[in-house]
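Remarks on the structure that follows.
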Amino acid sequence: MESYLEGGGVKIFFENELVVADFHLPNKSCILYVSECDVVAGNSYKRRLVRYRNSSSSFHELVLVENTRLSEQYFSAVQKFVVFDLGLTLLPVSGQTEASQLITQMVHGDGRENPFRRRSSSRLLDPLVLALVQQVPGVGRVKALALLQHFSSIQQLCNAAPAKLEPVVGQSAAQQIHSFFHKHTAGS
DNA sequence: GGCGAAGGGAT
DNA sequence: ATCCCTTCGCC
């Protein structure tokens, strides 16, 4: 391990390259830590983020990103990737000290409401997402339901290639869906 | 929520 | 080509 910090009776270890997540918290959350080194070094952190995102754990996935003087010029790009492309929750921190304080608060706040927890993802959000997906031309109740079973997020759905959509909704609807999400980015 | 027309999917 | 299912506009 690289280092550890202690705050409020909670020991926090920073390690290199754990399997998927860097932290698992008691409140059903896990954390991936992106350091300023990762950000400055290039795009290789994206691989780890995608793997993290695709590791379908039952935990709510958070991403802590160091936003420092060294890495701030890259921050908006990281933010766009994490939030928009992957649909994850991003929390900027100034360094490991602030990260450990944040994690400590989240651990201590367990039992109380976790402000970073997504509001009941499956039960409350699904009807809204379902209604949203049905706004796509050629997609009604049945196809929307099928799509949501095969794609775990809107991000994955709207970035999906027609070939990925086709086995789920058929060729015609697959093309309509792809066109709908790409109609103003000079698509096919 | 239910009906009917039109279109697409599967066989 | 045919049947069945889905979408969608309408009441």
Side-chain angles (χ1 to χ4, degrees), chain A residues 18-32 34 42-65 74-92 106 109-188:
Chain A
L18 268 176
V19 191
V20 270
D22 293 320
F23 303 99
H24 287 272
L25 306 190
N27 42 321
K28 296 187 299 178
S29 298
C30 59
I31 291 174
L32 187 79
V34 179
N43 285 332
S44 54
Y45 70 90
K46 290 185 177 180
R47 271 246 157 258
R48 198 156 56 98
L49 278 165
V50 170
R51 206 172 34 145
Y52 178 59
R53 171 66 172 80
N54 292 338
S55 71
S56 52
S57 68
S58 57
F59 288 73
H60 177 216
E61 290 137 331
L62 305 171
V63 180
L64 262 58
V65 178
Y74 305 104
F75 183 74
S76 65
V78 177
Q79 186 178 36
K80 181 179 176 297
F81 183 72
V82 171
V83 178
F84 183 75
D85 294 334
L86 297 180
L88 295 168
T89 304
L90 184 149
L91 300 162
M106 289 174 64
D110 190 30
R112 270 174 284 165
E113 193 63 26
N114 176 358
F116 302 116
R117 217 179 140 246
R118 213 175 288 175
R119 337 213 233 148
S120 39
S121 50
S122 307
R123 301 297 194 276
L124 262 170
L125 225 49
D126 251 4
L128 284 172
V129 175
L130 185 65
L132 177 66
V133 175
Q134 284 180 226
Q135 297 309 302
V136 179
V139 177
R141 195 186 123 267
V142 176
K143 288 192 170 73
L145 236 28
L147 285 166
L148 289 177
Q149 284 171 357
H150 289 262
F151 296 90
S152 46
S153 71
I154 305 180
Q155 285 78 20
Q156 291 189 0
L157 176 54
C158 72
N159 290 329
K164 293 287 178 186
L165 273 356
E166 199 172 325
V168 183
V169 294
Q171 183 205 354
S172 176
Q175 194 52 247
Q176 288 182 79
I177 293 164
H178 187 262
S179 304
F180 178 81
F181 285 118
H182 296 93
K183 60 176 140 195
H184 81 110
T185 68
S188 40

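Side-chain atoms are counted along with the backbone in the values below, which use heavy atoms only and exclude waters and symmetry mates. The chains referred to below are lettered A, B, ... by the order of the sequence lines, with proteins before strands, and numbering in each begins at 1.
The side chain to side chain contact (heavy atoms under 4.5 Å, CB included) test with A:Val63 is passed by exactly one of A:Val34, A:Thr89, A:Val78: A:Val34.
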When you compare the protein's N or O atoms with those of nucleotides 2-4 of chain C, which come within less than 3.5 Å of each other, and at what distance?
none

Table of protein N/O atoms under 3.5 Å from nucleotides 9-11 of chain C N/O atoms:
none

Write out a two-atom table: protein N or O, nucleotide N or O from nucleotides 5-7 of chain C, distance below 3.5 Å.
{"from": "C:dT7", "atom 1": "OP1", "to": "A:Gly140", "atom 2": "N", "distance (Å)": "2.8"}
{"from": "C:dT7", "atom 1": "OP1", "to": "A:Lys143", "atom 2": "N", "distance (Å)": "2.8"}
{"from": "C:dT7", "atom 1": "OP2", "to": "A:Arg141", "atom 2": "N", "distance (Å)": "3.2"}
{"from": "C:dT7", "atom 1": "OP2", "to": "A:Val142", "atom 2": "N", "distance (Å)": "3.1"}
{"from": "C:dT7", "atom 1": "O5'", "to": "A:Gly140", "atom 2": "N", "distance (Å)": "3.0"}

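Here the side chains of A:Leu32 and A:Leu62 are not in contact, with every heavy-atom distance at 4.5 Å or above.
No donor-acceptor pair under 3.5 Å is formed between the side chain of A:Tyr52 and the backbone N or O of A:Arg47. In this structure, A:Ser29 contributes its side chain and A:Leu25 its backbone to no donor-acceptor pair below 3.5 Å.
Between A:Arg48 and A:Asp22 there is a salt bridge, since a side-chain N of the basic residue sits under 4.0 Å from a carboxylate O of the acidic one.
Here A:Gln171 pairs with A:Glu166 under the side-chain contact (heavy atoms from CB on, under 4.5 Å) rule; sequence neighbours left out. For A:Tyr74, the side-chain contact (heavy atoms from CB on, under 4.5 Å) test picks out A:Val39, A:Val40, with sequence neighbours left out.
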Does the side-chain contact (heavy atoms from CB on, under 4.5 Å) test come out yes or no for A:Leu90 and A:Phe75, once each step is laid out?
CA-CA 11 Å; A:Leu90 184 149; A:Phe75 183 74; 3.7 Å; yes
Passes side-chain contact (heavy atoms from CB on, under 4.5 Å), A:Lys143 versus A:Val136? Steps please.
CA-CA 10 Å; A:Lys143 288 192 170 73; A:Val136 179; over 6 Å; no
Show your reasoning for whether side-chain contact (heavy atoms from CB on, under 4.5 Å) applies to A:Leu49 and A:Val82.
CA-CA 8 Å; A:Leu49 278 165; A:Val82 171; 3.8 Å; yes
When you look at A:Val65 and A:Gln79, which way does the side-chain contact (heavy atoms from CB on, under 4.5 Å) test go after all the steps?
CA-CA 9 Å; A:Val65 178; A:Gln79 186 178 36; over 6 Å; no
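Taking a heavy-atom distance under 4.0 Å as the criterion, the stretch of DNA chain B touched by chain A extends 5' to 3' from B:dG8 to B:dG9.
For NZ of A:Lys164, the number of neighbouring non-hydrogen atoms (other residues, nucleotides, ligands) closer than 6.0 Å is 12 at most.
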